[in-house]
There are 2 protein chains.
Amino acid sequence: MRGPWWQDRLNDAGFRLTNPRELVLGILRETDKHLSAEDLYVKALQKNPSIGLTTVYRTLDLFTQIGIAQKFDFGDGKARYELANNPLKKAHHHHMVCLKCKSIIDYSDFMKEELELMKKTEKALSKKHKFKIMYHIIHFYGICNSCREGD
Amino acid sequence: MRGPWWQDRLNDAGFRLTNPRELVLGILRETDKHLSAEDLYVKALQKNPSIGLTTVYRTLDLFTQIGIAQKFDFGDGKARYELANNPLKKAHHHHMVCLKCKSIIDYSDFMKEELELMKKTEKALSKKHKFKIMYHIIHFYGICNSCREGD
DNA sequence: GCCTTAATTGATAATGGTTATCATTTTCAA
DNA sequence: TTGAAAATGATAACCATTATCAATTAAGGC
């Protein structure tokens, strides 16, 4: 019997869909933001006061490795996570990060062209390096408008 | 009087080209690897035993903000740095990162198409969001060949 | 050159996100 | 039901990075 895609993904990779994992997954599915491990832990506590921070970290790491979630680093010292196929998110998007204030802007311009190119590249790289690619990330780094004015 | 590009970049941004900065820059220019702050510090110590780790961090941050260097996070807990225009490096390249062992593969396939697309995107985003873009990053995340076999 | 002021530096301590450890609990299959 | 393996959670430890602050250095005006 096949379940929802994330369950299949877990099972196929040889892992169990446990309560804590389901909980974290549920939170990821409900938001359209980039949540940190701490963010997720706090939200998880509200639904299950016995969950541990370590488990949240472990779960996020697992999700990332099997392609359920994506891990981001925006340079502010803590990692952020997003569900890979988030129904609430604009289908596919990327990020612009301010090197000063670490603010993040999502954008989704030129996605069609970009997706094509990425798909092509991904295919070639997978083959060439025998690499199982889970996801890709594109970041533009620079200085945002308000930080420039502050000079 | 204009000096080399990095000096101009510093001056134009209102900063001085000091000894520690010149030292860090020299090390970045001599390598084709992704060095961590610690790596750079150790190398710097050999040439100037009085340099401080804090200064290395500060210098790298400064270089990143004014576009002399690029900062990378490959998920192993420490940031890496590369010179923006490194004569030793393959002109333009990107990275594939293993989510398990954190190994990094540089690649430079499809660079022509990619550069075109990025340039176009960059232009549009800069204008739309009044964002001064210093550099972009493309990462493919997945599981490398040897980590897959280890399953 | 000398002086003034601001920029820069470096030693140290503190911060804080993440991971290691390990005993306990849960899950799945026999 | 039962036993082995997987998963969990509390705690301690780790370690990259940043804050602090007194000391040093650089640049421009005189």
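Not measured: the values here are computed from a predicted model. Below, chain A is the first sequence line, B the second, and so on; all start at residue 1.
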Has B:Arg148 got a side-chain atom pairing as donor or acceptor with B:Ile143's backbone, closer than 3.5 angstrom? no
Touch class at under 4.0 angstrom, heavy-atom based, for B:Ser36 against every strand present: nothing
Rounded to whole Å, OH of A:Tyr81 lies from P of C:dG17 at a distance of 12 Å
Between CG of A:Leu53 and C1' of C:dG17 the distance, given in whole Å, is 9 Å
Between A:Thr59 and B:Lys78, whichever has its closest DNA chain D nucleotide further toward 5' is A:Thr59
Is B:Ile138 close to B:Met118 at the side-chain level, that is, under 4.5 Å between some pair of heavy atoms? yes
Pair A:Lys120 + B:Glu113, salt bridge at N-O below 4.0 Å: yes
OP1 or OP2 of D:dT18 less than 4.0 angstrom from a side-chain nitrogen or oxygen of B:Tyr57, does that happen here? no
Sort me out a list of protein N/O and nucleotides 23-29 of chain C N/O pairs below 3.5 Å, or just none if empty.
residue, atom, partner, partner atom, Å
C:dT27, O2, A:Arg16, NH1, 3.4

Taking only N and O in the side chain of A:Arg58, is any of them less than 4.0 Å away from OP1 or OP2 of D:dA7? no
Can you see which heavy atom on A:Ala69 is nearest to which on A:Leu28, and at what distance? CB-CD1, 4.4 Å
B:Lys102 atom NZ, over 12 foreign heavy atoms within 6.0 Å: yes
Round to the nearest Å and state the distance from A:Leu40 atom CG to C:dG17 atom P. 14 Å
Candidate nucleotides D:dT17, C:dT9, D:dT8, ranked by approach to the side chain of B:Pro20 - the nearest: C:dT9
Base C:dT9 paired with B:Thr54 side chain (donor-acceptor, <3.5 Å): no
Once you round it to whole Å, what is the distance between P of C:dG10 and CZ of B:Arg21? 11 Å
Quick check against the 3.5 Å criterion: does B:Tyr135 have a side-chain atom that pairs as donor or acceptor with the backbone of B:Thr64? no
Members of residues 63-70 of chain B that approach DNA chain D, where some heavy atom sits under 4.0 Å away: none
Within the 6.0 Å centroid threshold, strictly below: B:His129 and A:Tyr107: no
Hey, are A:Ser36 and A:Asp39 close enough side-chain-wise for a donor-acceptor pair under 3.5 Å? yes
Integer-rounded Å distance: D:dT25 C1' and B:Ile51 CD1: 14 Å
With a cut-off of less than 4.0 Å, is there a side-chain N or O of B:Thr55 near OP1 or OP2 of C:dG10? yes
With DNA chain C as reference, determine whether B:Tyr41 or B:Gly14 sits nearer its 5' end, using the nearest nucleotide of each. B:Gly14
How close or far is atom C1' of C:dT9 from atom CG of B:Leu45, stated in whole angstroms? 14 Å
Would you say the side-chain atoms of B:Asp73 and B:His139 include a donor-acceptor pair closer than 3.5 Å? no
Starting at atom CG of B:Asp39, determine the distance to atom P of D:dA16, rounded to an integer number of angstrom. 10 Å
Side chain to side chain contact (heavy atoms under 4.5 Å, CB included) for B:Leu25 and B:Leu83? Distances and angles first, verdict last. CA-CA 8 Å; B:Leu25 194 68; B:Leu83 199 64; 3.8 Å; yes
Integer-rounded Å distance: D:dT17 C1' and B:Lys71 NZ: 9 Å
